[in-house]
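The chains referred to below are lettered A, B, ... by the order of the sequence lines, with proteins before strands, and numbering in each begins at 1.
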Amino acid sequence: MPFWRRLFWQAFFAQLLIISMVIAAIGAYFINVVERNVDEVIENELARTAAMAILVLEPAVRDNVPLTPILAELSEQSDVRATVIRRDGTVVADSNALESVASVENHADRPEFQAALQNGSGRALRLSETIGIRQMYYARRVMINDVPWVFRVAIPYAQVSSRVTGMRLALVLALILAAAGGAALSFAIARLVARPVDALSGTVAEMAAGRFDVSIPEVPPGELQVLSHGIGRLRTQLSDKLRQVEEEKTLLLTIVAAMTEGLIVVDATGRVILVNPMALKLLGVDDVWKRQNVEERLLIEVTRNPQLIELIEQSIRSGESIREEIESRRGTRRHLKVSIAPLKEDEAVRGAVAALHDHTQLRQLERVRRDFVANVSHELRTPIAAIRGWAETLTSGVVDIPPFVEEQLLVILRHSQRLGDLVDDLLALARVEALGIEDAFIKVDVHEVLDDILEQLDEKVMARDMEVRVQVAEGISEVRTEPRALEYVIRNLVDNAVKYTPEGGRVDIAVESNANGDLEFSVSDNGHGIEEQHLPRIFERFYRIDKGRSRDVGGTGLGLSIVRHFAEALGGTVNVESEVGVGSRFTVVIPRQVWRPI
Amino acid sequence: MVLSVPTQSRYRQELVDLRHMLLEMGGLAEDLLGCATEALIQRDPEQLRRAEALEQHINDLERQIDERCVKILALHQPAASELRFVTMAMKIIRDIERIGDLASNVAKRSAVLLQGKEIQAPADLPRMSRAVRQMITRALDAFVDRSVSDAEAVLQADDEVDALHWRLYERFAQMMQEDSGLVERGLKMILIVKDLERAADHATNIARGVIFLVHGH
């Protein structure tokens, strides 16, 4: 800040200006007045002196007495120059030229002489041609014997002006002293005003720089004190708020750092705003980057994982959330589940936040499970098939065997068949639990699925002399689903219905969409029905209502539990209603957005 | 395009974009080599499908980066360190593209190997593939950080990779002498190892480029 902008100098100079203007005005006025007074006083004095000189000289002139001695006397008594002049301007006597009056030139052209002749008196301030110094002249006309004479007195102006100059000097000195005093006073006042303001502004500047421990300066009471108290309160509040913000930030960072998920926040240009140590670890770059020097860098500098970069860019571009699974190959190879959400502010995407979750173990478990399922299907099915094959061969009448042995063989055959079914069911269950089948959804023709099922069950239905009716509501043909799972569900339900309904019974299969637009498959029969206490538990694994009977019909106890699993994997639910003696009705409901997406 | 952006800041942005694309391409090449070696070592054919898409992407990026560099040179006439950066970028993408090509060679050869009977891979093979991948990663890290020490570490690691290459070469040669039924597969293996060794050479090129970028000579 240039000094003239400072409050102190502004106040000081303003006061100084006012003081000097006042002093100059006063000085000018007084000098004027004094000068005028001095002139007047001297004039009067001269007039008196002239009167006195006339008093002495008039009789001398009238009596024709020589004037020189009188003049000499006169000028000796006072330092006045006296001159006697005839009407024609001839100088008769002069106190400055006592002996050489004749050489004094004619005074007819002197202004005081002319004025005196005309008006009776005259004065002038001019350079004397006779003696060559500035003189003040006073002349008077005196009538002697009806002839006008002019008597003139004069004093050197130096004498007058020295008095005036002395007074003027004194005055100027006094004024300068006054001005100096005023300047000192205004300096002090300006300081008094400016110093607390300076102190306060210094404090505010310190606070603005973040130092809240500065002391608020003491200022004299008045507006400034109100201001300083205000600043004091402001400081307290600001530092409290800042501490609060700081604490919240620390807390947040602590939480973020302690999270078991990786967290990355980037702005719209792909620069890292925040990243937690877990994210760096999951991406295998924790040895390269410490958290401190990651921020403000481009995310691609931190991790060159192309999938992650692509997904985040995609989310920022589209403004939509993304969930995806990616791989990180850096360091330990990991499978990461990534959830990315755009950060929106008034519809504009400001960046994105990505949460990384380690799925490596899960993936490994799934792999182990898949391998297990594959192994089991191979290792268990082969011996079962062999047992079944031999039992079938032996009972087919190729060899002659005693009846009791044949009975035992049939038992072996039945049980090996059941064992085979059990393994199939277990494998199906393991499959559906192991993999999400959502990716495999395709469009399926319901009629084809139902026809297939009926064909498979045809033999059984005929054997039991049953009637199976199918009704598909109009407008439903294509359904988006996973065909094998859907087929398994419906076949199982129809199979059950056929199994548990007495010979000659009836099974109804209906496909329709309900009020919500959800798809409903229902399989109803007019069989025994299920007691109410069993209904909540029939979808449990290995739950049997009547152990003896269900083994007779060849159940494994897994069918309905698989049905429920598949129904859920298909995005739906399965329900049962039943009344003893009237029949049962199983319903699979698949929500509209799943089977008929927009 | 926003035309009101001052030339200077648009120029800055273009340099940042160039850096971004360059690293993206590097990341893809790293990933591709990762896929290829994992397919080979862990006998995981799923990786091969990914490798194919990656190679295409890398080649596209190389062309885009090349155009971008020429545009920057023509429009902004960069000087001093920026000029070094742009020329270095044009050089680096050749190396990255070559690494991508070599990695996809490895992937294609692995695909053939995966179809047949497994041959016992010596422990040096995963060791070498890991070393090569680390060299490439380290070279790109050196580029990100303009770190001469990282770049020099890459140059040193090359000796180790060369040693592993010769050990593996002799190993496979011996294997083919012992069992003539393995000649076909052994040759494939030798070619794969050679590809890896050359990929490592390109990593050292990148490292040298980084040293040039920092020191200017």
Could you tell me whether A:Arg323 atom CZ has more than 12 heavy atoms of other residues or ligands within 6.0 Å of it? no

Checking A:Ser315 side chain against A:Glu320 main chain: does a donor-acceptor pair fall under 3.5 Å? yes

Please determine, among B:Asp145, B:Leu54, B:Leu140, the option with the most heavy-atom pairs under 4.5 Å with chain A. B:Leu140

Tell me, side chain or backbone of B:Arg130 under 4.5 Å from chain A's heavy atoms, or both, or neither? neither

Evaluation steps, salt bridge (charged side-chain N to carboxylate O under 4.0 Å, His left out), between B:Asp124 and B:Arg171: CA-CA 10 Å; B:Asp124 277 345; B:Arg171 179 72 199 272; over 6 Å; no

Hey, is the main chain of A:Ala279 close enough, under 3.5 Å, to the side chain of A:Asn276 for a donor-acceptor pair? yes

Assess B:Arg138 against B:Phe143: is NZ or CZ under 6.0 Å from the centre of the six-membered ring, and within 45 degrees of the ring's axis? no

Please classify the contact between A:Leu298 and chain B as side chain, backbone, both or neither, with a heavy-atom cut-off of under 4.5 Å. side chain

Determine the sole option in B:Leu32, B:Leu33, B:Asp195 for which the side chain to side chain contact (heavy atoms under 4.5 Å, CB included) test with B:Leu102 is passed. B:Asp195

Part of B:Glu38 lying under 4.5 Å from any heavy atom of chain A: side chain

Top contributor to chain B interface from A:Gln307, A:Glu327, A:Glu310 [non-hydrogen pairs under 4.5 Å]: A:Gln307

Any idea which of B:His57, B:Arg50, B:Gln134 has the most non-hydrogen atom pairs under 4.5 angstrom with chain A? B:Arg50

So which of B:Asp141, B:Thr137, B:Asp17 has the largest heavy-atom pair count under 4.5 angstrom toward chain A? B:Asp141

